[in-house]
Amino acid sequence: APHQLLDLLALAGDDSDGIPGVPGIGLKTAADLVRAYGSLEQLLGLISTIKRETLRLKLREHVGTARLARRLLEPVAVPPDLIQAGLRPAVRGDQI
């Protein structure tokens, strides 16, 4: 589902944005996990229920990486006045 996309990318990683993800977990496995557990946090809270031992060990080893990746993917609101300030010339004498 659309609201699970960031959880999927946190697990699988996103090379174009420099998001590391969990080594050894691709998009298909990440999609299966998010579909089965509902969210990244629910998955990480229930790691012990994962049947595949190698997958369970990867997730246990990289819990911090998955959580960091999820935080990096979180949208950030930029206040309009900050955007406007970014459009002003960097040097005082410049004119637009």
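Here the structure is a predicted model, which means the values were calculated and not measured. Values below: all heavy atoms of this structure, side chains included; hydrogens, waters and symmetry mates excluded.
In the hydrophobic clustering of ILVMFWY residues, with side-chain heavy atoms under 4.5 Å counting as a link, Leu40 and Leu57 come out apart.
Judged as a side chain to side chain contact (heavy atoms under 4.5 Å, CB included), and not counting sequence neighbours, the contacts of Ala31 are Leu8, Arg35. Under the side chain to side chain contact (heavy atoms under 4.5 Å, CB included) criterion, Asp17 pairs with Asp14, Ile19, not counting sequence neighbours. Listed by chain and number, the residues in a side chain to side chain contact (heavy atoms under 4.5 Å, CB included) with Glu41 are Ser39, Leu44, Arg67 (sequence neighbours excluded). When the side-chain hydrogen bond (donor to acceptor under 3.5 Å, both in side chains) test is applied to Gln4, no partner is found at least two apart in sequence or on another chain.
Proximity of a side-chain donor or acceptor of Arg56 to a complementary backbone N or O of Ile50 within less than 3.5 Å is detected.
To the nearest 0.5 Å, atom CG of residue Leu72 and atom CG of residue Leu9 are 12.0 Å apart. Taking CG from Leu11 and OG1 from Thr29, the interatomic distance works out to 9.5 Å, rounded to the nearest 0.5 Å. Atom CD of Gln42 is separated from atom CG of Asp7 by 9.0 Å, given to the nearest 0.5 angstrom. To the nearest 0.5 Å, atoms CG (Leu68) and NE2 (His62) are separated by 13.0 Å.
Taking both residues in full, the closest heavy atoms of Leu27 and Ala12 are given as CD2-CB, 3.7 Å, listed atom of the first, atom of the second, then distance. Among all heavy-atom pairs drawn from Lys58 and Gly24, the shortest one is NZ-O, 3.5 Å.
Legend: side-chain hydrogen bond (donor to acceptor under 3.5 Å, both in side chains) pairs involving residues 46-55, not counting sequence neighbours, sorted by first then second residue: Tyr37-Thr49.
Inter-residue side-chain proximity for Val22 and Leu59 is flagged as met; some heavy-atom pair is nearer than 4.5 Å.
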